[in-house]
Amino acid sequence: MKVELLELSEDKIKFLLSGVSAAFANGIRRACMSEVPVLAIDEITLYDNTSVLFDEQLGLRIGLVPLQAEDLDTYSQPEDCQCAGEGCPGCRIDFALSAEGPGTVYSRDIKFTDPTVKPAFDSIPLVILGEGEKLVMEGFATKRVGRDHSKWQAGTLCGYKNMPKIVIGKACTGCEKCVEVCPRNILMMDDGKAKARNIEECSLCKLCVEECETGAITVSPILDSFVLAIESCGSMPSKELVSRAPEEIKLRAENLVSKLAELS
Ligand code: SF4
Ligand code: SF4
Ligand SMILES: [Zn+2]
């Protein structure tokens with residue numbers, strides 16, 4: 001297996017994974033979306049809501065605010081906690097939100113009892129309060145995975161595709177038709193012949209192949225090579241998300257082995 005980093009920012013990572021099966025690449029993608037645990041607001045108690053939004057709408061909005069923790073590993077998932085899911089400081093982080101209009105209530109107004117936990121983004125608007133309108137609530141966040149609910153989905157846009165292979169043969173006459181038709185600007189002219197660049201951006205649409213009258217260009221997927229693009233919801237850097245994904249797969253595989261051993 002070979003990994004080549006193509007692009008890296010706080011929120012997004014793109015890398016080339018070679019020498020693996022489609023199932024393996026998809027396993028990494030799926031783990032980023034549904035197996036890496038993050039924090040999200042789980043339950044709220046509303047004491048006052050005279051805003052224009054129904055309680056349920058507010059609950060949905062607040063639940064979808066991505067949360068960051070300085071050390072996520074200090075918290076357990078409720079079912080793995082010493083309290084066996086009853087709820088304790090090891091698996092719940094309490095918060096309170098109190099605001100009075102006029103003004104906009106933002107994600108930064110959610111205050112956690114643990115100062116190392118906070119919304120990943122300060123300025124997510126939650127509701128606009130008119131003159132005299134009030135919003136008072138408290139509740140708690142828990143650590144779970146995207147498989148439980150999309151609000152715990154650490155990876156938002158996670159996709160993969162086969163790495164394309166583009167071959168331009170000697171039959172190229174330099175007519176430029178493939179360059180004109182390519183929707184991703186992958187093809188260019190170089191010394192009277194077509195040439196490919198940024199091949200990982202090719203969508204394998206094969207419009208260039210259809211347009212080439214001499215059959216000089218071929219485009220095909222490399223079957224054991226994949227371009228993965230993973231975007232984090234903001235709860236953790238994209239690099240950390242991708243490094244946690246195989247750890248989660250490993251944990252599940254170890255659980256499976258121990259369960260099988262129990263059966264034998
Ligand atoms: S369409 Fe075919 S012949 Fe024309 S430039 Fe492209 S590869 Fe060459
Ligand atoms: S397959 Fe599509 S995206 Fe790729 S080079 Fe050809 S026209 Fe461009
Ligand atoms: Zn607990």
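Residue numbers run from 1 in the order of the sequence given. As the structure lists them, so they are numbered: ligands from 1, and atoms in each ligand from 1.
- Of the protein's non-hydrogen atoms, the one nearest atom 3 (S) of ligand 2 is Ser203 N, 3.5 Å.
- Distance check for Cys202 against atom 2 (Fe) of ligand 2: none of its N/O/S atoms falls below 2.8 Å.
- Ion pairing between a basic and an acidic side chain is recognised when a charged N comes within 4.0 Å of a carboxylate O; Asp73 and Arg244 show such pairing.
- Among protein heavy atoms, atom 8 (Fe) of ligand 2 sits closest to Cys182 SG, 2.4 Å.
- Exactly one residue among Phe24, Phe15, Tyr160 makes a ring pair (Phe, Tyr, Trp, His ring centres under 6.0 Å) with Phe226. That residue is Tyr160.
- Although no hydrogens or angles enter the test, the distance criterion places no donor-acceptor pair under 3.5 Å between the side chain of Arg144 and the main chain of Trp152.
- The protein atom (non-hydrogen) at minimum distance from atom 4 (Fe) of ligand 1 is Cys175 SG, 2.3 Å.
- Through direct or relayed side-chain contacts under 4.5 Å between Ile, Leu, Val, Met, Phe, Trp and Tyr, Ile168 connects to Leu6, Leu16, Met163, Ile166, Val179, Ile186, Leu187, Met189, Ile199, Leu204, Val209, Ile217, Val219, Ile222, Val227.
- The atoms of ligand 1 that sit less than 4.0 Å from any heavy atom of Thr214 are 3 (S).
- Side chain of Ser235 to backbone of Leu67: a donor-acceptor contact under 3.5 angstrom is found.
- Residue contacts with ligand 1 leave out Glu211, since none of its heavy atoms falls under 4.0 Å from the ligand.
- No salt bridge links Arg30 with Glu35; every basic N to acidic carboxylate O contact stays at or beyond 4.0 Å.
- Stacking of Arg92 on the aromatic ring of Phe140 is recorded, both the 6.0 Å distance cut-off and the 45° axial limit being met.
- Ionic pairing of Glu200 and Lys161 is not present here: no N-O contact between side-chain nitrogen and carboxylate oxygen is shorter than 4.0 angstrom.
- Below 4.0 Å from some heavy atom of Thr173 lie the following atoms of ligand 1, by number and element: 3 (S), 8 (Fe).
- At the top of the distance list for atom 6 (Fe) of ligand 2, counting protein heavy atoms only, stands Cys208 SG, 2.3 Å.
- With respect to atom 1 (S) of ligand 2, the closest heavy atom belonging to the protein is Lys206 N, 3.1 Å.
- Taking atom 2 (Fe) of ligand 1 as the reference point, the nearest protein heavy-atom neighbour is Cys212 SG, 2.4 Å.
- Close contacts between ligand 1 and Cys178 involve ligand atoms 1 (S), 5 (S), 6 (Fe), 7 (S) [criterion: under 4.0 Å to a heavy atom].
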